[in-house]
Amino acid sequence: MQRHEAPAPGAGLEAVAPAPVLVFGWGNPSRGDDALGPLFVDAVEAMRLPGVECLTDFQLQVEHALDLKGRERVLFVDASADAAAPFTVERLEPARDASFTTHAVSPQSILQVYCEVEGEAPPPCWLLAIRGEGWELGTPTSAAARENLRATIAWSRTWLAQG
């Protein structure tokens with residue numbers, strides 16, 4: 001039997017600074033084009049860019065405000081039925097809206113929660129909305145959505161390279 005001694009309190013625990021850039025996509029991969037956010041994040045993660053952290057989830061939660069701490073820039077990524085093809089990009093500002101207490105929290109609400117919890121402005125944030133067409137459960141991403149995703153990934157190389 002091998003014995004392991006417990007480390008002294010605090011030993012080996014080092015604060016890890018978050019990556020300067022966060023790419024955060026959300027969506028349900030089982031709902032057709034709703035997978036565009038996570039698919040985009042997978043593509044960025046495969047680039048293995050230094051200083052870029054990737055995060056995905058099925059939906060935004062107020063707790064995601066904590067993921068903004070220590071960032072220099074954040075790119076929120078989601079599929080959209082309303083965005084112009086192939087995608088749109090807009091700068092986000094904190095805003096209290098009705099989504100704060102609903103199933104689908106907006107990125108603007110996440111920024112507002114950050115302001116309230118941290119007592120400071122959030123880092124600069126953008127919403128990248130990739131045009132999608134189909135959202136049915138169990139369907140694959142549409143051909144048009146895959147083409148929009150390719151264009152979005154090509155665009156992202158420039159955005160991610162900016163300092």
Side-chain angles (χ1 to χ4, degrees), residues 14-95 97 99 104-115 118 120-136 138-163:
E14 299 174 13
V16 177
V21 176
L22 174 64
V23 176
F24 184 177
W26 70 96
N28 185 339
S30 298
R31 289 198 167 272
D33 295 351
D34 198 39
L36 287 168
L39 288 171
F40 176 86
V41 172
D42 289 347
V44 170
E45 196 163 41
M47 294 177 200
R48 299 188 184 276
L49 300 170
V52 176
E53 183 178 343
C54 294
L55 179 65
T56 61
D57 208 333
F58 281 92
Q59 64 189 25
L60 291 176
Q61 305 282 338
V62 294
E63 294 87 350
H64 289 127
L66 300 176
D67 295 312
L68 306 181
K69 182 100 175 128
R71 309 295 180 169
E72 293 176 12
R73 294 185 300 146
V74 178
L75 185 64
F76 287 93
V77 186
D78 192 20
S80 172
D82 300 323
F87 62 90
T88 60
V89 181
E90 68 177 280
R91 178 76 186 260
L92 294 170
E93 297 297 331
D97 58 29
S99 75
V105 178
S106 72
Q108 294 87 342
S109 282
I110 298 296
L111 274 59
Q112 183 64 40
V113 169
Y114 180 90
C115 291
E118 297 296 328
E120 63 186 32
C125 297
W126 287 264
L127 174 61
L128 172 59
I130 307 170
R131 175 66 184 210
E133 296 179 349
W135 317 98
E136 293 300 315
T139 60
T141 53
S142 67
R146 287 191 305 272
E147 193 58 37
N148 293 343
L149 178 61
R150 277 191 279 282
T152 307
I153 292 166
W155 167 86
S156 74
R157 294 178 194 280
T158 302
W159 191 90
L160 291 167
Q162 295 172 353

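At least one side-chain heavy atom of Pro124 sits under 4.5 Å from a side-chain heavy atom of Arg91. Annotation: side chain of Asn148 is not in contact with side chain of Phe87 (no heavy-atom distance under 4.5 Å). With a 4.5 Å cut-off on side-chain heavy atoms, Pro38 and Phe58 do not count as touching. Residues Leu66 and Glu118 meet the side-chain proximity criterion, which asks for heavy atoms closer than 4.5 Å. At least one side-chain heavy atom of Leu39 sits under 4.5 Å from a side-chain heavy atom of Thr141. Counting heavy atoms from C-beta on, the side chains of Phe40 and Ile153 come closer than 4.5 Å.
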Practice item. May I have the step-by-step check of side chain to side chain contact (heavy atoms under 4.5 Å, CB included) for Val77 and Ile130, ending in yes or no? Key: CA-CA 8 Å; Val77 186; Ile130 307 170; 3.8 Å; yes
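Checked by atom type and distance alone, the side chain of Asp33 pairs as donor or acceptor with a backbone atom of Gly134 at under 3.5 Å. Between the side chain of Arg131 and the main chain of Ala79, no donor-acceptor pair closer than 3.5 Å is present. In this structure, the side chain of Asn28 does not engage the main chain of Asp34 through any donor-acceptor pair within 3.5 Å.
For the residue pair Ala121 and Cys115, the shortest heavy atom distance occurs at CA-SG, 4.2 Å. Nearest heavy-atom pair across Val113 and Ala65 is CG1-CB, 3.6 Å. When all heavy atoms are compared, the tightest approach of Leu92 to Pro107 is CD1-CB, 3.6 Å. Leu55 and Asp67 get closest at one heavy-atom pair: CD2-OD2, 3.4 Å. Of all heavy-atom pairs between Pro94 and Leu111, the closest is CA-CB, 3.7 Å. The two residues Ala83 and Ser80 come nearest to each other via the heavy atoms N-OG, 3.0 Å.
Taking OG1 from Thr56 and CG from Asp42, the interatomic distance works out to 7.0 Å, rounded to the nearest 0.5 Å. If you take CG on Leu149 and OG on Ser156, they are separated by 9.0 Å, rounding to the nearest 0.5 Å. We find the CZ-CD distance between Arg157 and Gln162 to be 14.5 Å, quoted to the nearest 0.5 Å. Rounded to the nearest 0.5 angstrom, Leu68 CG and Phe24 CZ are separated by 9.0 Å. Note that SG of Cys54 is 8.0 Å distant from CG of Leu22, once rounded to the nearest 0.5 Å.
Each of Glu120, Lys69, His64 was scored for a side chain to side chain donor-acceptor pair (under 3.5 Å) with Tyr114, with one residue passing: Glu120. The one candidate from Leu128, Val23, Ile110 that meets the side-chain contact (heavy atoms from CB on, under 4.5 Å) condition with Phe76 is Ile110.
In the model, Trp26 has no side-chain atom that pairs as donor or acceptor with a side-chain atom of Asp57 under 3.5 Å.
Annotation: Arg48, atom CZ; neighbour count of heavy atoms from other residues, nucleotides and ligands within 6.0 Å does not exceed 12. Other residues, nucleotides and ligands contribute at most 12 non-hydrogen atoms within 6.0 Å of the CD atom of Glu136.
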